[in-house]
Structure formats: structure tokens, C-alpha cells
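To find a chain, count down the sequence lines: A is the first, B the second, and so on, and within it residues start at 1. As a basis for the values below, the full set of heavy atoms in this structure was taken, side chains included, without hydrogen atoms, waters or symmetry mates.
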Amino acid sequence: MAGGGGRPLRALNVAEKPSVAKAVSGILSKNPSSGGLRVREGRSRYNKIFEFNYAIQNQQFQMSFTSVTGHLMELEFEDRYRKWHSCDPVDLYHAPVRKHVPQDKSDIEKTLEEEARKCQWLILWLDCDREGENIAFEVVEACLRTNRNLNIWRARFSALIDREIHDAVQHLVRPNQLFADAVDVRQEIDLRIGASFTRFQTMLLKDAFVLDFATEERNVILSYGPCQFPTLGFVVERFWEIQSHEPEEFWTINCTHNSEEGTATFSWMRGHLFDYTCATIIYEMCVLEPNATVTNVRNQEKPRYPPHPLSTIELEKRASRYFRMSSEQTMKVAEDLYQAGFISYPRTETDSFSVRTDLHTIVQEQQGHPTWGSYAQRLLDPEAGLWRNPSSGGHDDKAHPPIHPTKFSAGESGWSQDHHKVYELVVRHFLACVSQPAIGAVTTVDIDIAGEQFSASGTVILAKNYLDVYRFETWGGSMIPTYNYGQQFTPTTLTLDSGVTRPPPLLSEADLLSCMDNAGIGTDATMHDHIKKLLDRFYATKDSNMRFSPTKLGEALVKGYDDMGYELWKPNLRAMMESDMKAVSMGTKRKSEVLDSCLQQMKACFVDARLNKEKLFEAMDVFFERSNRANGNEQQAIGEVVRKCGLCQESDMVLRKKPDGNFMVGCLGYPQCRNVVWLPGSVSEATVTTTICSTCSPGPVYMIQFKFRRLEIPPNYNVDHLGCIGGCDDTLRQLVEICGTGSRTTSSVPGRGQGHTSSSSSAQQSNYRDQGAWQTASSAWQTASGSHPSQSSRGRSARSQRAGGAPDGESSIPCTSCGASCNLRTANTEANKGRKFYSCQAQGCSFFVWEDNINSGGTAARGGGGRSASTTSRRGGRGRGSRGGGRTNDVAFVSATGEPISGRCFVCGEPGHFSNVCPCRGR
DNA sequence: GCAAGGTC
């Protein structure tokens with residue numbers, strides 16, 4: 001490589017950051033022949049220059065080792081295009097761009113120019129990833145300016161350990177232009193898309209609406225970026241999911257048994273059923289034959305493994321979960337600890353340790369800690385048997401090891417609480433990684449009551465092992481009494497309990513990081529920045545539980561683009577760019593080819609978005625008042641008061657006409673209160689009258705004079721109608737069922753409107769409690785329009801099976817819902833005594849059908865097909881009392897055994913002893 | 001005044 005001995009050459013070495021320059025210099029200068037490590041100032045106070053002698057392939061070198069701080073250069077538009085009003089934003093798709101060194105990096109650039117002039121070789125020690133390769137070429141450009149004859153080399157290393165570093169410098173390679181090209185592509189696309197959309201939507205919307213969050217001091221920017229927008233998309237999408245959730249009632253049977261040893265709680269193996277009739281039939285059978293028989297007792301040892309070594313994202317997620325610390329704060333603190341030498345480099349994707357890492361030494365350093373020192377000692381004691389080589393999480397960025405402690409500390413005087421917490425997490429996580437898994441004894445007891453299976457389990461920890469040091473995790477601790485196979489007992493309680501399906505929770509910071517990680521949004525070093533940007537831009541807020549909700553602004557922007565049919569707020573665009581970048585770095589696609597095609601597509605998208613800017617206006621109209629500064633004449637009326645809001649009980653509900661012509665009655669307390677009643681889509685005019693509804697309470701509820709579009713309502717309805725939104729108005733309810741509402745229904749992703757239509761969030765549930773009629777109306781409409789595919793297909797399959805004629809007299813038939821087997825059983829209830837029915841044996845399947853309905857082909861077999869029966873019964877008043885086949889609504893049941901069994905009456909829901917008829921008599 | 005990516 002070099003030309004043998006002789007006069008020493010001079011080599012300029014450049015690392016990505018000062019700490020690496022120092023660390024590598026330290027390693028390479030350990031040999032006495034280095035002449036020792038000298039350090040001198042460069043022009044930048046942060047980037048020192050280290051000097052020592054070193055031999056590469058037997059050629060002597062005088063080494064100068066300095067650093068940059070990340071990218072030396074930035075991409076920007078040429079001056080003519082820099083000012084926001086200097087050009088049409090669409091011009092930014094082909095405006096000339098240039099790379100330049102920003103002011104705060106010019107001293108580093110000068111150092112490089114000066115040092116390069118004195119050297120023959122340039123050795124690049126940038127991080128071994130695509131960004132590092134790009135920075136390498138930025139360094140090369142600066143150095144070549146003063147020395148065209150430099151011999152340019154790249155050192156490839158993945159960890160700051162002696163062997164690796166010596167190996168890298170002895171086997172230098174050339175820098176990889178393709179890797180750098182991929183980053184150039186990303187930079188240019190990000191800049192052009194980001195700048196064009198940001199300028200466009202900021203200038204379009206900022207002054208057109210009254211943005212109540214805006215303050216004088218702060219210039220409002222409605223930014224768009226290929227990472228920040230998909231991040232916002234995750235937040236909005238979950239929010240919409242919650243809004244559109246339709247609570248569905250389900251039923252489950254629970255059994256408990258008290259013995260001298262304690263209480264066992266058995267859960268039903270079927271889980272829960274949505275079919276009320278089916279659940280009550282089975283429940284009745286259990287109550288009438290309540291003897292439980294133990295059918296299986298299993299004792300198993302189960303390990304619980306410690307976590308993988310710690311990557312950046314895991315550190316952020318766990319700090320958020322354990323300490324409620326934001327990812328941004330976590331990274332700030334971790335950076336401090338890294339700078340002070342207490343932990344390793346905190347930006348790493350790697351979650352497995354190299355075999356060369358000296359794990360024992362790291363543990364040894366922690367032996368003196370007052371809290372976890374004794375655990376570290378046990379780990380090192382071979383007789384304790386606690387040590388276990390860490391697992392591999394399967395990720396390796398080839399640049400940095402997993403985050404681990406690098407220096408012992410029992411706490412420094414300058415540390416904040418957060419410093420203590422993050423250091424403790426890093427240390428405990430590391431100690432946990434090199435520990436044996438916890439071992440638990442899991443006991444599972446299965447019982448049979450009247451042919452139904454129930455199961456209870458308990459876990460006792462046999463050996464805590466890593467859990468001793470990893471105080472953030474807990475496990476087990478539930479005991480159950482001893483049971484033997486074949487043992488029989490009478491349950492202490494046997495209850496039929498109802499529940500309601502819940503919407504998913506808002507996204508936590510850990511959830512959001514996972515979404516971004518899975519979709520490839522951002523890098524481990526930037527994810528927390530994108531999250532923070534959402535907060536800075538007023539696109540999202542974080543509540544006291546560290547969960548994210550979109551703001552009106554965030555939701556409006558996403559809704560606007562969604563209404564245009566663009567998925568700009570979804571991660572697909574970034575994923576596409578990422579795969580193109582990969583192709584460029586592999587050499588399978590040319591840089592110019594990817595740039596041209598991507599920018600062409602994005603430009604077309606931009607032009608189209610601008611043509612459809614009305615969609616953005618409409619979306620903003622839902623949430624904001626128009627400003628007088630622009631389009632003042634389009635400002636909407638506040639609306640007339642219809643009634644006091646029954647949900648927040650503070651603000652008024654007012655009638656409003658949306659820009660798309662549809663009507664709604666919404667709470668003025670929005671966004672704190674999101675109560676809204678959507679009116680039929682066929683309304684052409686609506687005016688609040690002074691007439692007060694005589695039936696709805698709490699009043700006054702002012703009636704509304706409606707005019708409907710003739711062609712959009714059935715012939716037997718009048719176009720003029722004096723209606724009430726309080727819940728008493730059947731005509732209005734029927735028209736909602738028939739015509740739908742003015743809320744969004746076409747998109748696959750439910751928007752704010754649809755969420756309200758389908759009565760979802762907990763807030764709306766309480767709303768509908770005093771507007772019961774609306775709940776019935778909207779759920780019926782949802783069902784009629786087939787919003788539950790599983791439901792309608794189940795119904796269809798059940799009917800077709802019956803039409804084909806099930807064989808008569810057999811004791812089992814195939815389940816038309818899930819395909820498993822349905823056994824013939826006999827009802828024991830007073831009302832249906834002796835009547836036979838088939839019920840599916842599969843766990844979780846609620847299919848059930850009366851035998852006589854199969855034989856007759858009668859329509860009453862709607863009880864089969866699961867959910868449709870429960871939907872029907874709910875319409876008839878919360879399902880209670882309208883039982884199988886519609887035959888009975890007159891009596892409850894009587895226990896045939898005479899045993900005093902506790903439970904809840906399946907008709908009225910009251911607890912009681914069912915040796916007697918329930919006092920409600922089934923009504 | 002705009003992006004995302006480095007890092008101080």
C-alpha cells in the first residue's frame with residue numbers, strides 16, 4: 001500500500017465527532033513507538049487535533065487526527081429562491097440547490113483545509129453508515145480544495161476497541177461513492193418536498209383562519225416533512241380509530257371457588273360471546289347443573305427471559321414507560337452521560353454484544369455500588385450460576401455497541417434526578433442482560449360445569465434471577481389452591497357478566513416510537529426530534545399519561561390531504577424513498593434516475609394538492625373560524641342554540657352548516673367537549689325555531705324546522721318537518737337510517753364525522769345516554785349498511801346452511817360460522833324446557849341455532865349466526881329479556897338442584913341466589 | 001420562516 005520504510009509521510013485523519021478522534025488516537029498511540037499522544041487546538045474549540053506516530057503496512061506516518069461534528073455541509077436553495085415569496089413553491093422542484101458550509105461550521109472547514117495542505121494522505125474515520133459515507137465526501141471536498149494530490153482512504157470500524165481499530169487502519173479501503181449518493185438523493189428530496197409543501201400550506205392557511213394557539217411572538221409555520229407528517233399520521237389514525245369505535249356488548253360466564261387455601265377464579269374457555277341468547281342458554285345450563293369437575297391439572301416451569309441488550313429506541317421506550325420521561329429528554333440526558341464517559345454511545349441500533357466485548361469487566365466495575373453492587377458480585381461468582389451470555393436482538397448497525405455503562409458511578413453531585421434514572425436504567429439493563437432468566441411455576445386447573453370448560457391459573461416465582469436487579473419488571477405472584485384430577489366441587493359464585501368492547505388507547509410515546517421504527521420513519525438518532533416537532537408545531541399534544549392526541553390543526557391537515565385521496569400522511573412515501581435509497585447505495589439504480597422519478601411524482605402530487613386546496617379549506621373549516629384577514633366574507637355564522645350540551649353541561653349545542661352543505665348540531669365547548677349530533681344528509685335547510693319540545697329533557701330543547709331534498713327521501717316523507725334532536729323524533733331517526741348523515745362515510749379511514757355518527761368514544765357514550773334514540777338510530781343504520789362484514793357474512797352462511805337442510809336427528813352438525821362441530825343440547829329453562837338446540841363447541845365461537853328452526857327452515861333461527869341476534873335484541877332495549885327464539889320474556893329460571901348458587905339474573909342483571917325465581921320474574 | 005440528517 002505505502003512504499004515501505006523511508007521518510008515518514010503525513011496523514012490527516014478525520015472522525016465524525018471529537019470523542020471518536022480522541023478515542024481512536026488514544027488506541028493508535030498506545031505503542032511506545034508512537035512518540036506519545038500530543039494534542040493541540042484547531043480553529044474550532046470543540047475539535048482538537050491529536051498527533052502521534054504510527055506505521056501503516058510498515059510505512060511510518062506522522063498522524064494528525066481531528067474531527068468534524070456530523071455533517072459539514074447543508075443543502076439549500078440558491079439565493080434567488082430562499083425568500084418565501086421569491087418564487088412559486090412549485091418552482092422548488094427544480095430550483096438550483098447547492099451544498100454549502102454553514103457559518104457555525106466554517107472554522108472546522110478551515111482546520112481541514114489547513115491540515116490537508118500539509119499531508120499526503122487523508123484517512124476518513126466517519127461512522128460506517130450511509131450518512132457517515134456522505135460526510136466523508138464532504139470532508140474530501142474541503143481537503144481537496146487545498147491539496148489536489150491527497151491519497152484518500154477510508155477506515156472501516158464498528159467499535160472503539162483496540163483490535164478493531166488497528167485492523168481498520170491496516171486494511172484501509174476507498175470511500176464508497178454509492179453510499180454517499182444515496183444520502184444526496186435523500187437530502188434533495190427532503191428539501192424540495194419539505195420546502196414546497198411547507199411554504200404552500202403555511203401561506204395558504206395561516207392567515208385564512210383564526211388559529212387560536214398562535215401567539216404574537218411566534219411565527220406560525222404549518223410545516224410538512226416526509227418524517228414529521230407520517231408521525232402525525234400515526235397519532236391521528238389512532239385518534240380516529242378511537243372515535244369510530246362502536247362499543248359492542250358481550251357476555252361471559254365467570255366462576256369462583258373458595259376453599260381453605262384461598263379463592264380460585266375460573267374464566268370461561270369460550271372467552272366472551274356477543275350473542276346474549278346463546279350466553280344465557282349456556283349459563284342457565286351451568287346453573288342448573290353446577291357441579292364442577294376438575295378435568296386437568298398442569299404444572300409447568302416457565303422461564304421469563306431478560307431483555308436484549310439496549311438500543312436507542314428501547315432506551316427511549318423504557319425510560320418513557322418506567323419514568324414517564326420524554327424521548328427527547330432521555331436522549332438529552334443520555335448524551336450528557338455519554339459525554340461525561342459514564343455510558344457508551346447512546347445512538348445505536350445494535351442490540352447484541354460483539355463476542356469481543358469484555359462483559360465481565362463492565363460488571364466488575366459495578367461491584368462497589370451501594371444498591372446493585374452485591375448483585376454484580378453474585379453475577380461474577382461462578383458458584384452462584386447467575387451469569388448467562390446475553391441474547392442477541394438481531395440488529396447490528398456495525399457502528400456502535402449496545403448502550404452499556406462505561407464508567408462506575410454511585411451518583412455524581414451535578415446529576416439531576418433524570419441523570420440518576422437513565423444511568424440506573426442503563427446499568428440495571430446491562431446487568432439483567434447477562435443474567436439467567438427468571439423461572440416461574442405455572443399451575444393451570446381446568447374444570448367442567450355442565451359441559452362448559454373453565455380454567456384458572458396461578459404463577460409462583462421459583463427463581464427471580466435477573467428480576468432481582470431489573471426492578472422495572474414484575475411477574476407472577478398469583479397463587480391458586482390445590483386441585484386434583486377428578487375432584488368435584490360446587491362453585492361459590494357463577495355469574496353471567498356483561499362487558500362492552502373498548503376502543504384502543506391513545507398512542508403512548510413508546511407506541512409511537514414502535515410505529516415509527518416499524519415503518520422506517522426517521523433514524524434512531526432523529527425519532528425523538530420528529531415527535532418533538534409535532535408538539536412544537538401545535539400538531540399534537542401529550543397528556544399527563546404521556547399519550548398523544550392530535551390538535552385541531554393536526555387533525556385538519558391530515559383530514560384535508562386524506563380527503564384529497566393522498567396518503568402524504570402515511571409512511572408509504574418514506575418507505576418508497578428508503579427502498580430507492582437502498583437501490584442507489586447498492587448500485588442497482590442511478591442517483592439521477594431516482595431523483596428525477598421521485599421529484600416528478602412529488603411535483604405532480606403537489607400540483608394536484610394545490611388544485612384541490614378546497615379540501616384543505618373544508619377540513620380547516622370543521623375546526624377553525626375563518627379569519628377576517630382573508631376570505632372574510634366566507635366566515636361562518638356561529639349558529640343558533642338548540643339546547644344545553646348534556647355531555648359537558650357547560651356549553652350550548654348550536655346548529656351549524658358545514659361548507660359541504662351538511663348540517664350538524666355541535667357543542668360550543670369543542671374541542672374540550674366533542675359532543676355532536678349529525679343530521680340527515682338529505683337536509684337542504686334547517687332553522688332553529690322558538691318552539692320547545694314538550695317531551696325531551698333536560699330542556700329546553702328548541703325544535704328545528706327542516707327542509708329535505710325531495711329526491712333524497714322516500715315518497716312517504718314530507719319535505720318540510722318540524723323536528724327535534726332530543727331523541728323523541730322518529731322521523732328524523734328514520735331519515736338518518738335511510739339517508740345517512742353529513743359526516744364522512746366514504747373513506748376507509750373514519751374521520752371526525754364518522755366517529756360521531758357511529759357513537760364511539762366514552763365521551764359520546766355518555767352523550768347518548770340522554771339521547772338514547774340516536775344511539776339506536778345510528779347503530780341500526782350502521783348495521784343496515786353492512787359496517788360489520790363479519791356479522792353479515794355470518795348471517796348469510798347460517799341461512800344458506802339451513803336452506804340446504806341440515807340432517808335431522810343427528811347429534812352434531814358442522815358449525816356454519818367457524819366450521820367446528822356443533823353438539824345437540826337440550827334447554828332446561830322453564831320457558832324453553834326440552835327444546836333442543838345446537839351450540840358450537842369451539843372456544844370463542846358463539847354460533848347457536850334452535851333445532852326446530854333448522855328443521856322448519858323458519859326465520860326465527862336468527863338466534864344462530866351469533867352477533868345478529870344480539871344486535872336485534874339490543875334494538876329492543878339493551879337485549880335484556882328478548883331471549884332465544886323470541887318465545888320467552890315472562891319468567892326467570894329456577895335452579896333444579898335447589899343449591900343456593902350466587903349469580904346475576906340474566907334478565908334484570910341483579911345479583912341473587914337462584915334457588916328462587918328472581919324477583920324480577922323475567923321482566 | 002421550510003426538510004432530515006449528522007452532532008456540540
Side-chain angles (χ1 to χ4, degrees), chain A residues 14-22 42 44-48 67-77 81-87 89 91-93 95 97 99 101-102 104-105 107-108 126-139 180 182-204 206 214 217-231 331-332 334-336 338-340 345-347 399-400 516 520-533 536-537 568 573-574 577-578 581 599 602 606:
Chain A
V14 184
E16 191 160 319
K17 44 192 162 282
S19 59
V20 171
K22 186 179 179 183
S44 154
R45 57 189 283 245
Y46 299 110
N47 305 80
K48 314 279 184 208
S67 54
V68 288
T69 46
H71 277 286
L72 184 62
M73 295 175 163
E74 279 176 8
L75 192 68
E76 63 170 25
F77 294 110
Y81 298 88
R82 300 273 289 286
K83 286 256 187 285
W84 277 42
H85 291 90
S86 65
C87 67
D91 296 343
L92 298 177
Y93 283 91
V97 288
K99 270 193 158 190
V101 179
D104 61 342
K105 299 282 177 73
D107 45 7
I108 297 177
L126 289 308
D127 290 357
C128 288
D129 50 28
R130 286 201 297 242
E131 295 294 333
E133 212 65 22
N134 190 271
I135 299 170
F137 280 87
E138 294 172 0
V139 170
V183 173
D184 284 341
V185 170
R186 177 195 60 70
Q187 287 179 338
E188 194 170 330
I189 292 172
D190 284 349
L191 177 65
R192 292 188 189 279
I193 297 175
S196 59
F197 273 94
T198 301
R199 289 185 192 182
F200 159 65
Q201 62 186 27
T202 304
M203 294 192 288
L204 180 74
K206 185 177 88 167
E217 317 84 71
R218 233 178 129 164
N219 207 359
V220 175
I221 296 169
L222 308 185
S223 62
Y224 173 87
C227 286
Q228 54 178 268
F229 237 61
T231 307
M331 290 312 289
K332 198 160 161 281
E335 181 67 27
D336 282 349
Y338 164 68
Q339 291 291 335
Y345 188 71
R347 284 180 285 273
H400 307 286
M516 296 170 74
I521 300 296
T523 66
D524 50 299
T526 61
M527 283 183 191
H528 66 271
D529 287 333
H530 301 310
I531 294 174
K532 185 167 180 290
K533 188 148 274 176
D536 290 346
R537 296 280 191 236
L568 287 169
L573 175 66
R574 194 66 182 174
M577 282 168 59
E578 185 60 36
M581 273 173 60
L599 288 175
M602 283 311 297
F606 178 85

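- When the C1' atom of B:dA3 is taken as reference, atom CG of A:Leu92 falls 12 Å away, rounded to whole Å.
- Protein atom CZ of A:Arg347 is 13 Å distant from nucleotide atom P of B:dG5, rounded to whole Å.
- At B:dA3, none of the side-chain N or O atoms of A:Thr198 fall inside 4.0 Å of OP1 or OP2 (strictly under the cut-off).
- Although no hydrogens or angles enter the test, the distance criterion places no donor-acceptor pair under 3.5 Å between the side chain of A:Thr202 and the main chain of A:Ile221.
- In the set B:dA4, B:dG6, B:dT7, B:dG6 carries the atom at the smallest distance from any side-chain atom of A:Thr526.
- In this model, the phosphate group of B:dG6 is not approached by any side-chain N or O of A:Arg186 to a distance below 4.0 Å at OP1 or OP2.
- Phosphate proximity of B:dA3 to A:Gln187: absent, as no side-chain N or O sits under 4.0 Å from OP1 or OP2.
- Using a 4.0 Å heavy-atom cutoff across all strands shown, A:Gly522 reaches sugar-phosphate atoms only and no base atom.
- Both thresholds, 5.5 Å between centres and 30° between ring planes, are not jointly met by A:Tyr224 relative to the base of B:dA3, so the two rings are not stacked.
- For B:dT7, the OP1/OP2 oxygens have a side-chain nitrogen or oxygen of A:Tyr345 closer than 4.0 Å.
- An OP1 or OP2 oxygen of B:dA3 is reached within less than 4.0 angstrom by a side-chain nitrogen or oxygen of A:Arg537.
- Of the side-chain N and O atoms in A:Thr523, one or more sit less than 4.0 angstrom from OP1 or OP2 of B:dG6.
- For A:His85, no side-chain nitrogen or oxygen approaches OP1 or OP2 of B:dG1 to under 4.0 Å.
- Distances shorter than 4.0 Å separate some side-chain N or O of A:Ser223 from OP1 or OP2 on B:dA3.
- Rounded to whole angstrom, the span from the CD atom of A:Gln201 across to the C1' atom of B:dA3 amounts to 12 Å.
- A straight line from CG of A:Leu75 to C1' of B:dG6 spans 14 Å, rounded to a whole angstrom.
- When heavy atoms are screened at a 4.0 angstrom cut-off, A:Arg130 is found touching no nucleic acid atom at all.
- Between A:Arg186 and A:Glu131 there is a salt bridge, since at least one side-chain N of the basic residue sits less than 4.0 Å from a carboxylate O of the acidic one.
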**OP:** Apply the test side chain to side chain contact (heavy atoms under 4.5 Å, CB included) to residues A:Ile189 and A:Met577: give CA-CA distance (whole Å), side-chain angles for both, the deciding distance (0.1 Å), then the verdict.
**Re:** CA-CA 9 Å; A:Ile189 292 172; A:Met577 282 168 59; 3.5 Å; yes

Original post:
Going through the checks in order, is the salt bridge (charged side-chain N to carboxylate O under 4.0 Å, His left out) test met by A:Glu335 and A:Arg347?
Top reply: CA-CA 9 Å; A:Glu335 181 67 27; A:Arg347 284 180 285 273; 3.1 Å; yes

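- With hydrogens and angles ignored, the 3.5 Å screen pairs a side-chain donor or acceptor of A:Asn47 with a backbone N or O of A:Ser67.
- Residues A:Glu188 and A:Lys17 both approach DNA chain B. Their nearest nucleotides, taken by heavy-atom distance, put A:Glu188 toward the 5′ side.
- Checking A:Lys533 against A:Tyr46, the closest nucleotide of DNA chain B that is more toward the 5' end is the one next to A:Lys533.
- Counting to the nearest Å, the P atom of B:dC2 and the CD1 atom of A:Ile221 are 4 Å from each other.
- As rounded to whole Å, 15 Å separates atom C1' of B:dT7 from atom CG of A:Asn134.
- At the phosphate of B:dC2, neither OP1 nor OP2 sits under 4.0 Å from any side-chain N or O atom of A:Lys83.
- To the nearest angstrom, C1' of B:dA4 lies 13 Å from CZ of A:Phe77.
- Listed nucleotides: B:dG6, B:dG5, B:dC2. Nearest to the side chain of A:Ala525: B:dG6.
- As a whole-Å value, the separation of A:Asp104 CG from B:dT7 P is 15 Å.
- Nucleic acid contact class of A:Pro226 (heavy atoms, under 4.0 Å, all strands): sugar-phosphate only.
- The main-chain N or O of A:Leu92 is found under 3.5 Å from a side-chain atom of A:Arg192 such that the two form a donor-acceptor pair.
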